[in-house]
Amino acid sequence: MHYRTLGGDQGPRVSAVCLGTLSFGTTVDAPTSFALLDRFAEAGGTFVDTANHCARWVRGARGDESELLLGRWLRSRDAAGRTVVATKVGARPDPARGTGWPANAEGLGAPAVRAGIEGSLRRLGTDRVDLLYAHLDDRRVRLGDTVEALAGLVRDGTVGSLGATDHRTWRLAEARQTAAGRGLPGFRAVQRRHTYLRPRQGLTQDLDVDTDEELLDYAAEHPDLTLLGYGTLMAGAYSRTDRPLPERYDHPGSVARLRVLAEVAAECGATVNQVVLAWLMGGPVPVVPVLGVSSPAQLDESLAALDLRLDPVQRARLDTA
């Protein structure tokens, strides 16, 4: 396993890949989830990612399942002291706001932030999380109020570090500047959708915001910010013929990138998934991939990417395809 420090030199030391547990306890059953967590820990993995509303789209799911399962695993393995836990607040549906998501998301006002973390701590069975993400930008609340609310959790020891998920770069920068101007802890991590293929030009969404050149440039200029990528392997679409490309990546520009990706994988004796992960981790702005896996074999394949090194020529071919 390889390791890095989250948020420059300000945060905890974490494994260079993060295990995403979004589907644990729902589409990935409890025994398999425990096996994946055990295998990740045995390989030296220390960084796990969850949220306070995971997999609510699965029939019968409440959104609590991932945090509850992760809490059971932490207790049963006595693993809390050696596991960096990240969770998220802000996107959990609030019945008081109606029934249509994301309009009814709990948001990032101070009461919602406090209630959100209290619920997460209860489900995780702990009194602290290492990294808390503000999930989805909330334009209904003044940014300064959100910054103050999140900083208060760090001050009282409930949260170690702060991050933002699916925030556009200018909002991320403004929030960090606001925190710095007030002498408060600010965002040290940002999580956005990120993979080798590039999304269709002109695609703009407020949810599942893709990593773009603007964010990469900003992260390059601010080494105290760690970039994490989710959706890195497109739910298997790189390697499985039964998984079509997601619509956002299904365009003529992807053809050349997929061809070069396959060529480099063959040269390396690696899988295309491993090349994607190595490309992310070894770039000018190193990315921490959030692995979304559902079987030990998938996890082992992903972990093997940690030791794959692309030479400068291969990286240049991938970058310019």
Side-chain angles (χ1 to χ4, degrees), residues 1-4 14-51 53-58 61 63 65-74 76-77 79 82-88 131 133 165 191-197 208 211 227-246 249 261 265 270-282 287-308:
M1 183 59 67
H2 304 290
Y3 301 90
R4 55 180 298 183
V14 298
S15 50
V17 292
C18 176
L19 181 61
T21 67
L22 179 149
S23 57
F24 288 11
T26 51
T27 57
V28 179
D29 63 31
T32 303
S33 299
F34 268 57
L36 289 167
L37 287 160
D38 287 341
R39 176 71 187 93
F40 185 64
E42 289 164 2
T46 61
F47 193 12
V48 296
D49 180 84
T50 184
H53 68 292
C54 282
R56 286 186 62 91
W57 53 88
V58 176
E65 289 83 359
S66 175
E67 287 184 327
L68 287 169
L69 184 140
L70 181 56
R72 293 198 301 273
W73 179 82
L74 290 168
S76 68
R77 304 305 193 254
R82 58 181 184 273
T83 306
V84 177
V85 176
T87 192
K88 309 175 187 72
L131 173 63
Y133 289 102
T165 302
Q191 187 176 143
R192 296 244 293 252
R193 183 180 291 278
H194 196 17
T195 187
Y196 173 61
L197 295 186
D208 294 343
T211 297
L227 176 59
L228 296 96
Y230 68 85
T232 53
L233 300 181
M234 301 188 304
Y238 280 113
S239 58
R240 290 178 52 172
T241 58
D242 63 328
R243 295 285 176 89
L245 287 181
Y249 304 118
L261 179 65
T271 68
V272 291
N273 288 335
Q274 290 166 346
V275 173
V276 169
L277 294 172
W279 179 81
L280 289 167
M281 290 186 287
V287 176
V288 176
V290 180
L291 304 176
V293 296
S294 58
S295 72
Q298 291 173 357
L299 178 58
D300 287 343
E301 178 189 8
S302 295
L303 292 175
L306 287 159
D307 295 320
L308 175 61

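All heavy atoms count here, side chains included; hydrogens, waters and symmetry mates do not. Note that this is a predicted model, so its numbers are computed, not measured.
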Worked check of side chain to side chain contact (heavy atoms under 4.5 Å, CB included) between T165 and R192: CA-CA 6 Å; T165 302; R192 296 244 293 252; over 6 Å; no
Using the side-chain contact (heavy atoms from CB on, under 4.5 Å) criterion, which residues pair with L68? Sequence neighbours excluded. D64, R72, R123
Just to verify, what does R77 make a side chain to side chain donor-acceptor pair (under 3.5 Å) with, not counting sequence neighbours? D38
Mind running side chain to side chain contact (heavy atoms under 4.5 Å, CB included) on V48 and W73 for me, showing each step along the way? CA-CA 12 Å; V48 296; W73 179 82; 5.6 Å; no
Quick one: which residue pairs count as a salt bridge (Lys or Arg N to Asp or Glu O under 4.0 Å) with a foot in residues 294-303, not counting sequence neighbours? R39-D300
Can you name the closest pair of heavy atoms from Y196 and Y238 and give their distance? N-OH, 3.2 Å
To the nearest 0.5 Å, what is the distance between OG1 (T87) and CG (D49)? 7.5 Å
Minimum heavy-atom separation for M234 and P246, please, with both atom names. SD-CD, 3.9 Å
Taking ring pair (Phe, Tyr, Trp, His ring centres under 6.0 Å) as the test, write out the residues that go with F40, two or more places apart. none
Just to verify, what does S33 make a side chain to side chain donor-acceptor pair (under 3.5 Å) with, not counting sequence neighbours? none
Between the main-chain N or O of A51 and the side-chain N or O of Y133, is there a donor-acceptor pair closer than 3.5 Å? no
For S66, side chain to side chain donor-acceptor pair (under 3.5 Å) partners two or more places apart: T21, T50
Heavy-atom closest pair, residues S15 and V288: O-CG1, 4.4 Å
Which atom names give the shortest non-hydrogen contact between G44 and Y3, and what distance separates them? O-OH, 2.8 Å
May I ask you to decide if T83's main-chain N or O and T46's side chain share a donor-acceptor pair within less than 3.5 Å? no
Apply side-chain contact (heavy atoms from CB on, under 4.5 Å) to A278 and list each qualifying residue two or more places apart in sequence or on a separate chain. L308, L310
Could you tell me which residues satisfy side-chain contact (heavy atoms from CB on, under 4.5 Å) with A265, sequence neighbours excluded, listed by chain and number? V272, V275
Decide side chain to side chain contact (heavy atoms under 4.5 Å, CB included) for L277 and L291; before the verdict, give the C-alpha distance in whole Å, the side-chain angles of both, and the deciding distance to 0.1 Å. CA-CA 9 Å; L277 294 172; L291 304 176; 4.1 Å; yes
Which residue pairs satisfy the salt bridge (Lys or Arg N to Asp or Glu O under 4.0 Å) criterion with at least one member in residues 19-29, sequence neighbours excluded? none
To the nearest 0.5 Å, tell me how far L299 CG sits from T32 OG1. 12.0 Å
Applying side-chain contact (heavy atoms from CB on, under 4.5 Å), name anything that partners S294, two or more places apart in sequence or on another chain. V28, Q298
If I compare all heavy atoms of V287 with all of L228, which pair ends up nearest, and what's the gap? CG1-C, 4.1 Å
Applying side chain to side chain contact (heavy atoms under 4.5 Å, CB included) to V85 and L74, what does each step give before you reach the verdict? CA-CA 10 Å; V85 176; L74 290 168; 4.0 Å; yes
Could you check if a side-chain atom of V290 sits within less than 4.5 angstrom of a side-chain atom of L22, using non-hydrogen atoms only? no
Checking T232 now: which residues fulfil side chain to side chain donor-acceptor pair (under 3.5 Å) with it, not counting sequence neighbours? none
State whether a side-chain donor-acceptor pair under 3.5 Å links Y249 with T195. no
